[in-house]
Amino acid sequence: MSESKPSLPSSYTVPKVWNPPSEASGKFGGINSATAGARSKTTLPKGEHALQLYSLGTPNGQKVTILLEELGLEYDAYPINIMDGTQFGSAFVDINPNSKIPAMLDYSVTPPQRVFESGFILLYLAEKEQKLIPKDPRKRTECMNWLMWQMGAAPYLGGGFGHFYKYAPINIEYAIDRFAMEAKRIVDVLDKHLEGKEYVCDDEYSIADIAIYPWIICLSMGYNADEFLQLDSYKNVKRWLATIGERPAVQRGFRVNGFGRDAVLERHSPADFDTDSKPPSSL
């Protein structure tokens, strides 16, 4: 790098060639790596249903379980502990070479079809069932616009804002300011779009709502940034969150592979939901 500027820590000099640090730091430092592929030989459990989901109750995982519940499909859902590196086992890597949850196998076809990347899992299931994607070509395009918007925005909310605000081992003003600004801009984009609309695609509930909802609510319930980001000021988003959060399928989907006293660690049938629960419905 030719430009001279201060470093944090002050002793740091950007090398010509990057190498991994000798000591891992931060909540995820111990599992991060610059290389892909399996780190161990593993197997994954398999249930009786055609759809086998391997996931965790994070926003990307919640998107898929919400949709499965909305569609009324039977499926088996097994938790993948991303903190102990289960996603780097050979069985999971065979399904998703990117080692990210969620990942799914569809045994209704031969050979079984692997499906990964949360946004595409939503699209795959919705198209297969012909539900929760608008039939009207213009509305369908709008649905795809916002689905892809969410996929592009998520890294700024999670790996950007969430990481530096909550998980980084030190508070870095530049990083927090950079991603707080982007997080607020993203919420404002949604807030302005929802003016006068019940759902993202106007009057039609769709996979666009399902994709966006968990990430927006995560700013509040996951990162505890309500006051910091002044989330209560986004009135249209607040109303929309309340509407989505009242849906029974959303409430069930939030519990699958989730956290807390009402979590359904593994989901194999509707009987697994044996207690009443509601996910967060407002900022």
Side-chain angles (χ1 to χ4, degrees), residues 27-28 53-70 77 79-83 87 96 98-104 115-123 125-126 132 146-167 179-180 182-187 189-191 200 205-226 228-229 231 234 237-238 240-245 247 249-260 262-265 267 277-283:
K27 186 169 183 179
F28 300 98
L53 180 67
Y54 303 96
S55 190
L56 193 65
T58 64
N60 283 337
Q62 289 162 348
K63 286 191 277 187
V64 174
T65 51
I66 288 172
L67 178 60
L68 285 164
E69 293 297 325
E70 290 281 13
I80 296 295
N81 188 339
I82 61 174
M83 296 308 299
Q87 70 274 31
N96 185 356
N98 197 35
S99 294
K100 302 290 185 182
I101 63 96
M104 187 179 75
V115 193
F116 61 88
E117 289 298 326
S118 59
F120 183 65
I121 297 175
L122 296 188
L123 187 57
L125 291 170
L132 293 172
W146 287 99
L147 177 62
M148 297 305 130
W149 174 82
Q150 184 280 312
M151 297 299 290
Y156 292 96
L157 299 180
F161 176 74
H163 177 77
F164 287 107
Y165 182 74
K166 183 171 182 179
Y167 299 120
F179 290 107
E182 185 62 10
K184 285 181 68 67
R185 190 195 68 82
I186 288 168
V187 178
V189 169
L190 181 62
D191 194 67
V200 171
Y205 179 63
S206 72
I207 57 173
D209 298 282
I210 293 170
I212 297 167
Y213 175 84
W215 273 107
I216 300 301
I217 208 70
C218 183
L219 294 172
S220 172
M221 302 305 296
Y223 305 145
N224 302 314
D226 304 69
F228 183 74
L229 295 177
L231 295 175
Y234 300 99
V237 168
K238 186 174 181 179
W240 171 79
L241 288 172
T243 298
I244 305 301
R247 298 181 68 89
V250 173
Q251 296 166 14
R252 294 193 302 273
F254 249 75
R255 296 172 61 191
V256 178
N257 304 146
F259 308 93
D262 64 346
V264 176
L265 190 60
R267 190 275 189 202
S277 175
K278 287 187 178 182
S281 60
S282 63
L283 293 172

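For clarity, every value in this text was computed on a predicted model and none was experimentally measured.
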If only atom types and distance count, is the side chain of Asp226 paired as donor or acceptor with the main-chain N or O of Leu231 below 3.5 Å? no
Measuring from Ile207:CD1 to Gln150:CD, what's the distance to the nearest 0.5 Å? 10.5 Å
Close side-chain approach of Ser55 and Met104, heavy atoms under 4.5 Å: no
Would Met151 and Glu117 count as a side chain to side chain contact (heavy atoms under 4.5 Å, CB included) here? Give the steps. CA-CA 9 Å; Met151 297 299 290; Glu117 289 298 326; 4.2 Å; yes
Taken to the nearest 0.5 Å, the spacing of Ile121 CD1 from Lys63 NZ works out to 9.0 Å
Got Tyr234 and Lys184 here, is their nearest side-chain heavy-atom distance under 4.5 Å? yes
Which atom names give the shortest non-hydrogen contact between Gln62 and Pro214, and what distance separates them? OE1-CB, 3.4 Å
Closest contact, heavy atoms only, Ala180 versus Phe228: CB-CE2, 3.8 Å
Give, for atom CD of Glu70 and atom CZ of Arg247, the distance between the pair rounded to the nearest 0.5 Å. 4.0 Å
Heavy-atom pair of closest approach, residues Leu147 and Ala208: N-CB, 4.5 Å
Identify the heavy atoms of Pro102 and Leu53 that sit nearest to each other, and give their distance. CB-CD1, 4.0 Å
With the side chain counted from C-beta on, respond yes when Asp191 and Trp240 share a heavy-atom pair under 4.5 Å apart, and no when they do not. no
Should the pair Phe179 and Tyr156 be assigned to parallel (<30°), tilted (30 to 60°) or perpendicular (>60°) ring geometry? tilted
Distance, nearest 0.5 Å, that separates CE of Met83 from CG of Leu56: 10.0 Å
For a quick test of reading the model, state the closest non-hydrogen atom pair linking Leu122 to Ala211 and the distance between them. CD1-CB, 3.7 Å
State, with a plain yes or no, whether a side-chain heavy atom of Val187 is found less than 4.5 Å away from one of Leu229. no
Test item: Val189 and Trp146 side chains (from C-beta on) under 4.5 Å apart, heavy atoms: yes
Distance-minimising heavy-atom pair for Ala126 and Leu67: N-CD2, 4.3 Å
Audit row: Ile216, Leu241, side chain to side chain contact (heavy atoms under 4.5 Å, CB included) steps and yes/no: CA-CA 8 Å; Ile216 300 301; Leu241 288 172; 4.1 Å; yes
Within the 4.5 Å heavy-atom criterion, are Asn257 and Tyr54 side-chain neighbours or not? no
Is the backbone of Lys100 close enough, under 3.5 Å, to the side chain of Gln87 for a donor and an acceptor to pair up by distance? no
So how far is it from Gln251 CD to Ile244 CD1, rounded to the nearest 0.5 Å? 11.5 Å
Classify the ring geometry of Tyr223 against Phe161: parallel below 30°, tilted from 30° to 60°, perpendicular beyond 60°. perpendicular
If we check side-chain contact (heavy atoms from CB on, under 4.5 Å) with Phe254, which of these qualifies: Ile217, Asp262, Thr65? Ile217
Nearest 0.5 Å please: distance from the CD1 atom of Ile101 over to the CZ atom of Phe116. 14.0 Å
Decide yes or no for Asn224 and Tyr165: does some side-chain heavy atom of the first lie under 4.5 Å from some side-chain heavy atom of the second? no
